[in-house]
Amino acid sequence: MAKHVLVTGGAGYIGSHACKALKAAGYVPVTFDSLITGWQDAVKFGPFEKGDLLDRARLDAVFAKWQPVAVMHFAALSQVGEAMKEPGKYWRGNVTASLTLIEAAVAAGCMDFVFSSTCATYGDHDGVLLNEETPQTPLNSYGASKRAIEDMLKDFGAAYGLRSVIFRYFNVAGADPEAEVGEFHQPETHLIPLMLDAIEGKRPALTVFGTDYPTPDGTCIRDYVHVMDLVDAHVLGLQWLEAGKGSRVFCLGTGNGFSVREVIDSSRAVTNREVPIVIGDRRAGDAVQLVSGSARALAELGWKPERSTMPQMIADAWRWHQTGHYEG
Ligand code: UDP
């Protein structure tokens, strides 16, 4: 019998790549998405259910219809700048929405849950390599909302036996090398797609948010992971839960930090084009440096992040950028 997996946010950047990986691994991904930030054109690998996570009756109907073996929960608001300005939107859209989803899953007896958390739950830690045990002291409502959902999953695990794999992502980049799906946000706020837009003249320039950070070149440092490697980890996480290995948190990073300036330099090498830049102020809520150890995911899940080199991520993003986009 087909194994359905309910993928919230399956019409978004990471969720759509996860649907491709799930299908390749023999599952049927059922996308649940409001299409507020997602794209119906990105739903290519399984059925689509339009809906809002705050709508419990709609969720109940979808669980009853598909009887999923697990949930992969990607749907979220994820912009640090917006979270600083509109915290209520993040607490409602991430925390209340996830509570509704988790309660619906438990009511339906769907007890395996894979959750997209984030390195933004950590805040600043003076340049240490972060891992699953590092204290979570978020700097913004985005990180705080994701930490709250992590706590919620633990409580529902203790009370009802819900089993969760929580992935704390670092910065996700790149695209499907076959360019069936890719990164397409509107508005776009992320470094690499904005940089590629600037290279192509779709924007006048990339603004570098701050050059006075305490890093070697003054710009923020992040750990970038290829979206295909990231979604491979999700399939491994799902199989971990199916094997009865229980709830676990995993950091998904490479251990290599790249400054904003280093990302710009790499793109020059990959595309042979200049990136027009202007220097701007720091963006409120940004941590100086977020770099992850991945020892646990490598050792316990057998994760192999083979595409997560900066040139490969930029090359795959560049290919998608030039050929792919969604209309609706
Ligand atoms: N960044 C930048 N200019 C931009 C967008 C991002 O300098 O137009 C910087 C940002 O300050 C951060 C890094 O690039 O240090 C990655 O930001 P992004 O928004 O891509 O991801 P985040 O770190 O917020 O998850």
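Nothing fancy with the numbering, it's 1 onward along the sequence. Both counts, for ligands and for their atoms, begin at 1 and track the order of listing.
- Closest protein heavy atom to atom 7 (O) of ligand 1: Phe209 N, 2.9 Å.
- Counting only heavy atoms of the protein, atom 9 (C) of ligand 1 lies nearest to Val260 CG2, 3.8 Å.
- Residue contact check for ligand 1: Tyr224 places a non-hydrogen atom closer than 4.0 Å to it.
- Closest protein heavy atom to atom 15 (O) of ligand 1: Cys220 CB, 3.0 Å.
- Looking only at heavy atoms of the protein, atom 20 (O) of ligand 1 is closest to Leu191 N, 2.9 Å.
- No side-chain N or O of Ser34 forms a donor-acceptor pair with one of Asp52 less than 3.5 Å apart.
- The protein heavy atom nearest to atom 8 (O) of ligand 1 is Leu194 CD1, 3.3 Å.
- A salt bridge between Asp197 and Arg203 is present, with a side-chain N of the basic residue lying under 4.0 Å from a carboxylate O of the acidic one.
- Proximity of Arg283 to ligand 1, defined as any heavy-atom pair under 4.0 Å, is confined to the side chain (atoms from C-beta onward).
- Ring geometry for Phe74 versus Tyr169: interplanar angle of 30 to 60°, hence tilted.
- Ranking protein heavy atoms by distance to atom 11 (O) of ligand 1, first place goes to Asp286 OD2, 2.6 Å.
- Relative orientation of the His321 and Trp318 rings is parallel, given thresholds of 30° and 60° on the angle between their planes.
- Closest to atom 25 (O) of ligand 1 among all protein heavy atoms lies Asn171 ND2, 3.4 Å.
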